[in-house]
Amino acid sequence: APFGSMERFVAVLLEHTGGNLPLWLTPEQAVVLPISEKYIDYAKEVVATLDQHDIRVTVDDRNEKTGKKIRDAELNKTPYMLIVGEKEMNDHSLAVRQHGQVDLGTMPIADFVEYINQKIKQELSEF
């Protein structure tokens, strides 16, 4: 009986949100998308930094075009896509794109950490 209740709760939650879970609840809060194989090491550095701040993030290091990686992240309903290339690596920054919206621009990693933590606090305060 407890598992049936849990399944119904999750089903209602998914139906209510259309699969777009709140940022604090989603299993993967962001995905780092390196433009090419040359930037995979920097992408892993970004993941390590964000992991230290309890942000759930992975790297999409497949040998695919960036457009396909973005499309796949959109279909997976990943809240934030962090695109990294040469400019971002040199500036220690991220090109941030939010699910279902346009680019949020380029920001330093520390600013993104502050931004996402602010969003989580805002969502939790609405409850």
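For clarity, every value in this text was computed on a predicted model and none was experimentally measured.
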Pro22 backbone acceptor or donor facing Thr26 side chain under 3.5 Å = no
Working for side chain to side chain contact (heavy atoms under 4.5 Å, CB included), residues Ile116 and His53 | CA-CA 10 Å; Ile116 198 167; His53 295 281; over 6 Å; no
When Asp60 is tested against each of Lys69, Lys68, Met81 for side-chain contact (heavy atoms from CB on, under 4.5 Å), which residue passes?
-> Lys69
Do Tyr80 and Lys119 come close enough that some side-chain heavy atom pair is under 4.5 Å?
-> yes
Taken to the nearest 0.5 Å, the spacing of Leu50 CG from Leu82 CG works out to 6.5 Å
Tabulate below the donor-acceptor pairs under 3.5 Å that side-chain atoms of residues 28-37 make, not counting sequence neighbours, or state none.
residue : atom : partner : partner atom : Å
Glu28   : OE1  : Thr78   : OG1          : 3.3
Glu28   : OE2  : Thr58   : OG1          : 2.5
Gln29   : OE1  : Arg56   : N            : 3.0
Gln29   : NE2  : Leu23   : O            : 3.1
Ser36   : OG   : Lys38   : N            : 3.4

Roughly how far apart are Gln118 CD and Glu123 CD, rounded to 0.5 Å?
-> 11.5 Å
Acceptor/donor pairs from residues 104-114 side chains to any protein atom, 3.5 angstrom cut, sequence neighbours excluded:
none

Rounded to the nearest 0.5 Å, the CD atom of Glu45 sits from the CD1 atom of Ile40 at a distance of 13.0 Å
Let me have the donor-acceptor pairs involving side chains of residues 89-102, under 3.5 Å, with sequence neighbours excluded, atom names and distances please.
residue : atom : partner : partner atom : Å
Asn90   : ND2  : Glu86   : O            : 3.3
Arg97   : NH1  : Asp103  : OD1          : 3.3
His99   : ND1  : Glu74   : OE1          : 2.8
His99   : NE2  : Asn20   : OD1          : 3.2

